[in-house]
Novice: 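Would you mind keeping the following structure in view while I ask a few things?
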There are 2 protein chains.
Amino acid sequence: MVCDEKKRRSKCPVTFALDQLGDKWSLLIVRDLMFHGKRTYGEFLESDEGIATNVLADRLKRLEAEGIIEKTRDPENRRRVLYSLTDKGFDLTPLLMEMVLWSAKYDADTATPKAMLDRMENDRAAFIQEVREGMKI
Amino acid sequence: MVCDEKKRRSKCPVTFALDQLGDKWSLLIVRDLMFHGKRTYGEFLESDEGIATNVLADRLKRLEAEGIIEKTRDPENRRRVLYSLTDKGFDLTPLLMEMVLWSAKYDADTATPKAMLDRMENDRAAFIQEVREGMKI
DNA sequence: ATTAATACTTGCATTATACAAGTAATAGCC
DNA sequence: GGCTATTACTTGTATAATGCAAGTATTAAT
């Protein structure tokens, strides 16, 4: 194929976001980068949800193509690839925060510390700043 | 099958939300209920994205089972079924707002009026209140 | 030179989706 | 009451996505 751009379903912003992130795995990779300090293929594979290797490879490729993550070789160990969030990826922080707050409200078993939920709700800007700093290489 | 509960992938709140909404269609139905005043199967079918009839039926069933939407017969026309958001569904408003803001930032073609984006950003509570009022039957 | 670590790719079975068509219940009209 | 239209689905089938097990390629360590 000469052109691999997908046709857009519509010009709706919700659709735009869903076309880039609307599946059961993409946002878990973003979560791991954003909140859990994960950076490598192997680390993503270890997450509790158990993503399949081919699906992980596919999602990393797509997220990179969409400019949400970027890929570098680890200079200290050249067989290791390091993934990180771009600004576009980091800007998903508020979206992830709202997901966490919604789930905390409606899922009795959610494993998010109360203190963190309070910070998310009461000082959004500070929380986002903490995430940004935590993401630093 | 005796029990149709799905096993959870993890206790992560992001996973909880993705298991209920993480596909390319569920949130579009929520969007149509929340922002476009749609309430019937036929109206959802008309949306630009072009959902397949069987997928729409499946998603309506799931969303209802998850307590995000509810179903009533239209008393004035008993062959018509009316869908509406529950409180749990309405509480997705901030999540949808963040999706819209993120897409507006990164998609040059997004069709959201600037004035609406400004209200979402600068007066979140008021915007949410407007949505709530607009949703009234 | 051999083994280990890391990041993938491949093949195949299962599941989900898209598309076209058909069915069921209610309503409106004669 | 019988006929047609409306509305909300269901069903069948082809295509695409996912899950799982196994294999390959590149770099590092010994």
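The structure displayed is predicted, hence computed values, not measured ones. Chain A is the first sequence line, chain B the second, and so forth, proteins listed ahead of strands; every chain is numbered from 1.
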Novice: Output the rounded distance in Å from CG (Leu45(B)) to C1' (dT6(D)).
Specialist: 14 Å
Novice: Side-chain N or O of Lys24(A) less than 4.0 angstrom from OP1 or OP2 on dA16(C)?
Specialist: no
Novice: Please report the interatomic distance CZ(Arg62(B)) to CG(Asp23(B)), rounded to the nearest 0.5 Å.
Specialist: 7.0 Å
Novice: Between the base of dT10(D) and the side chain of Thr53(B), is there any donor-acceptor pair under 3.5 Å?
Specialist: yes
Novice: Which heavy atom of Ser103(B) sits nearest to which heavy atom of Phe16(A), and what is that distance?
Specialist: OG-CD2, 3.2 Å
Novice: Would you classify Tyr83(A) as touching base, sugar-phosphate or nothing, given that sugar-phosphate means primed atoms plus P, OP1 and OP2, and contacts are heavy atoms under 4.0 Å?
Specialist: sugar-phosphate
Novice: From CG of Asp58(B) over to C1' of dT11(D), roughly how many Å is that when rounded to an integer?
Specialist: 14 Å
Novice: Which atom names give the shortest non-hydrogen contact between Lys24(B) and Gly22(A), and what distance separates them?
Specialist: CG-O, 3.4 Å
Novice: To the nearest Å, give me how far apart CG (Asn54(A)) and P (dC12(C)) are.
Specialist: 14 Å
Novice: OP1 or OP2 of dA7(C) sitting under 4.0 Å from any side-chain N/O of Lys61(A)?
Specialist: no
Novice: Heavy atoms from C-beta onward define the side chain here; which of dA8(D), dA5(C), dT6(D) lies closest to that of Val81(B)?
Specialist: dA8(D)
Novice: Start at the 5' end of DNA chain D and walk down; is the nucleotide closest to Asp74(A) or to Ile51(A) reached first?
Specialist: Ile51(A)
Novice: Specify the separation, in whole Å, of atom CG of Leu56(A) and atom C1' of dT18(D).
Specialist: 13 Å
Novice: For the side chain of Arg79(A), counting heavy atoms from C-beta on, which of dA5(C), dC9(D), dA18(C) is nearest?
Specialist: dA5(C)
Novice: Taking the cut-offs as 6.0 angstrom to the six-membered ring centre and 45 degrees off its axis, would you call Arg9(B) and Trp25(A) a cation-pi pair?
Specialist: yes
Novice: What's Arg73(B) touching, base or sugar-phosphate or nothing? Going by heavy atoms closer than 4.0 Å.
Specialist: nothing
Novice: Among dG19(D), dA28(D), dC9(D), which nucleotide has an atom closest to any side-chain atom of Asn77(A)?
Specialist: dA28(D)
Novice: Does the side chain of Thr15(A) pick up a donor-acceptor pair with the side chain of Glu49(B) at under 3.5 Å?
Specialist: yes
Novice: Nearest to the Tyr41(A) side chain among dA7(C), dT10(D), dT7(D), which nucleotide is it?
Specialist: dA7(C)
Novice: Tell me whether the OP1 or OP2 atom of dT17(C) has a side-chain N or O from Arg59(B) closer than 4.0 Å.
Specialist: yes
Novice: Which one, dA4(C), dG19(D), dA18(C), comes nearest to the side chain of Trp25(B)?
Specialist: dA18(C)
Novice: Would you kindly give the CZ-to-P distance between Arg39(A) and dA7(C), to the nearest whole Å?
Specialist: 12 Å
Novice: Roughly how many Å is it from CD in Glu49(A) to C1' in dG19(D), rounded to a whole number?
Specialist: 15 Å
Novice: Can you measure Lys71(A) atom NZ to dT6(C) atom C1' for me and round it to whole angstrom units?
Specialist: 12 Å
Novice: Starting at atom CG of Leu28(A), determine the distance to atom P of dT18(D), rounded to an integer number of angstrom.
Specialist: 13 Å
Novice: Does dT6(C) have OP1 or OP2 sitting under 4.0 Å from an N or O in the side chain of Arg80(A)?
Specialist: yes
Novice: Testing the 3.5 Å rule here: is there a donor-acceptor pair between the side chains of Thr110(B) and Lys105(B)?
Specialist: no
Novice: Which one, dT10(D), dA5(C), dT9(C), comes nearest to the side chain of Ala57(A)?
Specialist: dT9(C)
Novice: Nearest-nucleotide wise, let me know which of Leu60(B) and Ala52(A) is further upstream toward the 5' end of DNA chain D.
Specialist: Leu60(B)
